[in-house]
Engineer: 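This is the structure I want to talk about, given as structure tokens.
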Number of protein chains: 2
Amino acid sequence: MITSTVENYVKQIYLQQQENPADLLPMGKLATAMNVVPGTATAMVKALADSGLVDYEPRGGIRLTHGGEQLALHVLRRHRILESFLVEILGLDWSEVHEEAETLEHAVSDKVLERMDHLMNRPQYDPHGDPIPTAKGQISHIRLMPLSDMAPGTSAQVARVADQDAAFLRFAEKNGLLPGVKFSLISSDSQADAVTIRLRNKQTITLGGKAAEKILVRKKTG
Amino acid sequence: MITSTVENYVKQIYLQQQENPADLLPMGKLATAMNVVPGTATAMVKALADSGLVDYEPRGGIRLTHGGEQLALHVLRRHRILESFLVEILGLDWSEVHEEAETLEHAVSDKVLERMDHLMNRPQYDPHGDPIPTAKGQISHIRLMPLSDMAPGTSAQVARVADQDAAFLRFAEKNGLLPGVKFSLISSDSQADAVTIRLRNKQTITLGGKAAEKILVRKKTG
DNA sequence: TGCCCTCTTTTGAATAATCAAAATCACTTA
DNA sequence: TAAGTGATTTTGATTATTCAAAAGAGGGCA
């Protein structure tokens with residue numbers, strides 16, 4: 001049966017796998033991501049393999065089957081539409097919607113989701129800039145560059161803020177680092193592990209390497 | 001722990017108890033309402049009693065404690081606000097929202113619920129005319145008269161449609177029997193077990209006793 | 001080659017919720 | 001008051017998910 005636990009595992013496997021699409025996902029990574037002890041992950045993965053959602057190589061790792069990936073994308077779609085809805089229609093802060101959507105994604109029906117999607121005019125990205133998979137299970141795979149990799153003097157706009165930690169998101173929001181915001185890179189010092197950018201409103205922000213990696217950007221075209 | 005199963009039991013106990021507020025609710029009634037075998041209800045009720053949510057008299061029956069009633073009212077509040085939201089904001093049909101709310105009521109946070117409530121301007125009744133408990137756990141206890149008890153020649157308005165069956169709700173909607181609609185009782189024949197009413201738009205509708213019992217009315221004042 | 005370290009799997013146990021079926025209780029009714 | 005009836009409780013099992021801790025596998029290094 002597809003319980004919400006199964007949905008969470010499959011979603012997490014998908015997300016983890018994205019970071020290393022070529023390799024099998026090791027058990028330990030999954031266990032950590034799911035916040036369970038390794039034995040639990042092993043047990044669960046066996047059940048997922050029996051349901052045909054993952055391919056499992058003992059002591060090797062796992063990989064989603066096509067069916068598993070479709071399920072993951074549907075869960076992700078629900079999650080991201082909900083996040084958008086909570087921000088745009090209900091006016092919640094983007095720093096808090098991840099948690100809310102985490103629960104609701106297992107409870108909304110396709111019908112309700114469709115209404116939400118329609119009411120928002122079918123957004124393609126959620127408030128953090130993550131692409132929303134289509135109802136058919138397609139997702140855009142545009143490669144984005146981390147702010148930390150930009151060359152000094154170049155301009156770009158924020159495309160995605162890849163962190164769901166509420167504190168970081170509040171920090172980003174307070175500093176105007178929202179998807180769509182344009183800026184240029186003033187300086188980048190690899191020794192200091194810091195980059196400084198200037199927004200359109202002349203405000204400058206300096207980020208350490210860790211933070212700069214979480215801001216994914218799109219080169220300004222034109 | 002307050003799982004959604006616990007919430008469902010407590011809500012159902014509350015609802016069943018309303019039909020006979022003076023007596024203890026017998027196990028069998030609860031088991032039937034929850035769609036489980038009697039033994040399951042017994043086991044669950046013991047757990048609820050341990051959590052202080054119900055008073056349990058073996059072979060006698062059960063009754064919610066104050067805490068249990070407060071929990072039931074909070075679940076009911078979530079359910080009814082959700083129903084209203086699904087109809088008013090997302091445009092679902094009133095015949096289908098009960099099922100949807102049944103799942104969502106265990107997943108929405110108080111924060112999201114508060115936003116929904118606010119967005120709708122804090123309705124006091126849900127689309128079926130059921131009163132929405134306040135956040136503090138108060139609920140209006142207005143005694144309504146079933147349409148089947150009205151005297152011929154009198155006028156009233158529909159206050160509540162006390163059935164969550166989608167087919168009946170669709171029937172009611174199609175015939176204009178929605179909360180707020182005014183009508184007068186043309187005839188009532190106890191032998192024929194039928195009543196005939198006339199709506200403001202001159203349309204007449206004849207209902208059998210069973211259906212007429214589900215339409216709760218409020219005497220027209222003025 | 002053998003030991004060690006890390007990761008993974010196995011084993012045994014717990015909790016929540018359920019069912020099927022046997023046992024028990026309480027209440028009529030003859 | 002004994003038997004029967006219907007509701008309720010008990011007992012034994014099952015499924016899903018989890019943890020703790022023991023056991024096992026594999027690779028690196030001395």
Side-chain angles (χ1 to χ4, degrees), chain A residues 1-13 16-17 19-20 22-64 67-68 71-72 75 102-103 105-107, chain B residues 1-13 16-17 19-20 22-64 67-68 71-72 75 102-103 105-107:
Chain A
M1 209 207 332
I2 296 180
T3 61
S4 55
T5 307
V6 167
E7 290 189 344
N8 280 332
Y9 272 88
V10 167
K11 179 182 65 174
Q12 206 51 246
I13 293 168
Q16 293 294 314
Q17 191 117 70
E19 302 183 0
N20 237 104
D23 302 350
L24 292 177
L25 174 66
M27 268 333 193
K29 280 258 168 60
L30 177 59
T32 305
M34 289 302 299
N35 246 298
V36 295
V37 300
T40 301
T42 301
M44 194 63 204
V45 157
K46 283 183 182 173
L48 295 178
D50 286 347
S51 312
L53 294 167
V54 306
D55 287 329
Y56 169 44
E57 292 188 16
R59 296 192 191 270
I62 55 179
R63 168 173 291 140
L64 287 178
L71 177 56
V75 178
E102 206 64 15
T103 311
E105 70 188 11
H106 308 295
Chain B
M1 208 206 334
I2 295 181
T3 62
S4 55
T5 307
V6 167
E7 290 189 344
N8 279 332
Y9 272 88
V10 168
K11 179 182 65 173
Q12 204 52 245
I13 293 168
Q16 294 293 314
Q17 191 116 72
E19 303 185 0
N20 238 104
D23 301 350
L24 292 176
L25 176 65
M27 268 332 195
K29 281 259 168 61
L30 176 60
T32 304
M34 289 301 299
N35 247 297
V36 294
V37 299
T40 302
T42 300
M44 194 63 205
V45 157
K46 283 183 180 171
L48 295 179
D50 286 348
S51 312
L53 294 167
V54 305
D55 288 329
Y56 169 45
E57 291 187 17
R59 301 199 186 261
I62 53 179
R63 169 174 290 140
L64 288 179
L71 176 56
V75 177
E102 207 63 15
T103 310
E105 69 189 11
H106 309 295

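The sequence lines fix the lettering, A, B, ..., with proteins before strands; numbering per chain opens at 1. This one's a predicted model, so the numbers in the text were calculated from it and none came from an experiment.
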Engineer: Does any N or O in the side chain of B:Arg63 come within less than 3.5 Å of the main-chain N or O of B:Ile13, such that one atom is a donor and the other an acceptor?
Structural biologist: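 No: the side chain of B:Arg63 does not pair with the backbone of B:Ile13.
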
Engineer: Identify, with sequence neighbours excluded, every residue that meets side chain to side chain donor-acceptor pair (under 3.5 Å) alongside B:Gln17.
Structural biologist: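 B:Gln17 satisfies side chain to side chain donor-acceptor pair (under 3.5 Å) with no other residue.
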
Engineer: Who passes side chain to side chain donor-acceptor pair (under 3.5 Å) against B:Lys11, sequence neighbours left out?
Structural biologist: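 B:Lys11 satisfies side chain to side chain donor-acceptor pair (under 3.5 Å) with B:Glu102, B:Glu105 once adjacent residues are dropped.
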
Engineer: Which pairs of donor and acceptor atoms, one on a side chain in residues 41-54 of chain A, lie under 3.5 Å apart (sequence neighbours left out)?
Structural biologist:
unit_1	atom_1	unit_2	atom_2	d
A:Thr42	OG1	A:Pro38	O	3.3
A:Ser51	OG	A:Ala47	O	3.0

Engineer: Using side-chain contact (heavy atoms from CB on, under 4.5 Å) as the criterion, point out the one residue from B:Leu30, B:Ile62, B:Leu71 that pairs with B:Tyr9.
Structural biologist: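 Passing option: B:Leu30.
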
Engineer: NE2 of A:His106 versus P of D:dA16: gap in Å, rounded?
Structural biologist: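 Spelled out: NE2 on A:His106 to P on D:dA16 is 17 Å.
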
Engineer: Can you give one letter per nucleotide of nucleotides 9-20 of chain C, 5' to 3': B if a protein heavy atom sits under 4.0 Å from the base, S if only from the sugar-phosphate, - if neither?
Structural biologist: BB-----SSSBS

Engineer: Rounding to 10 degrees, work out the angle separating the end axes of the helix from C:dT1-D:dA30 to C:dA30-D:dT1 (five pairs an end).
Structural biologist: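 That helix has its two terminal axes inclined by roughly 30°.
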
Engineer: From CG of A:Leu53 over to C1' of D:dA16, roughly how many Å is that when rounded to an integer?
Structural biologist: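 It is 15 Å, rounded to the nearest whole Å.
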
Engineer: At their closest point, which heavy atom of A:Thr103 faces which heavy atom of B:Ala107, and how far apart are they?
Structural biologist: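 That closest heavy-atom pairing would be CG2-O, 3.7 Å.
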
Engineer: Holding to side chain to side chain donor-acceptor pair (under 3.5 Å), I want the full list of residues that pass it with A:Asn20, two or more places apart in sequence or in another chain.
Structural biologist: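 Testing A:Asn20 for side chain to side chain donor-acceptor pair (under 3.5 Å), a comparison that skips the adjacent residues, returns A:Asp23.
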
Engineer: When the distance from CG of B:Leu30 to C1' of D:dA7 is rounded to whole Å, what number comes out?
Structural biologist: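 Nearest whole value for this atom pair: 14 Å.
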
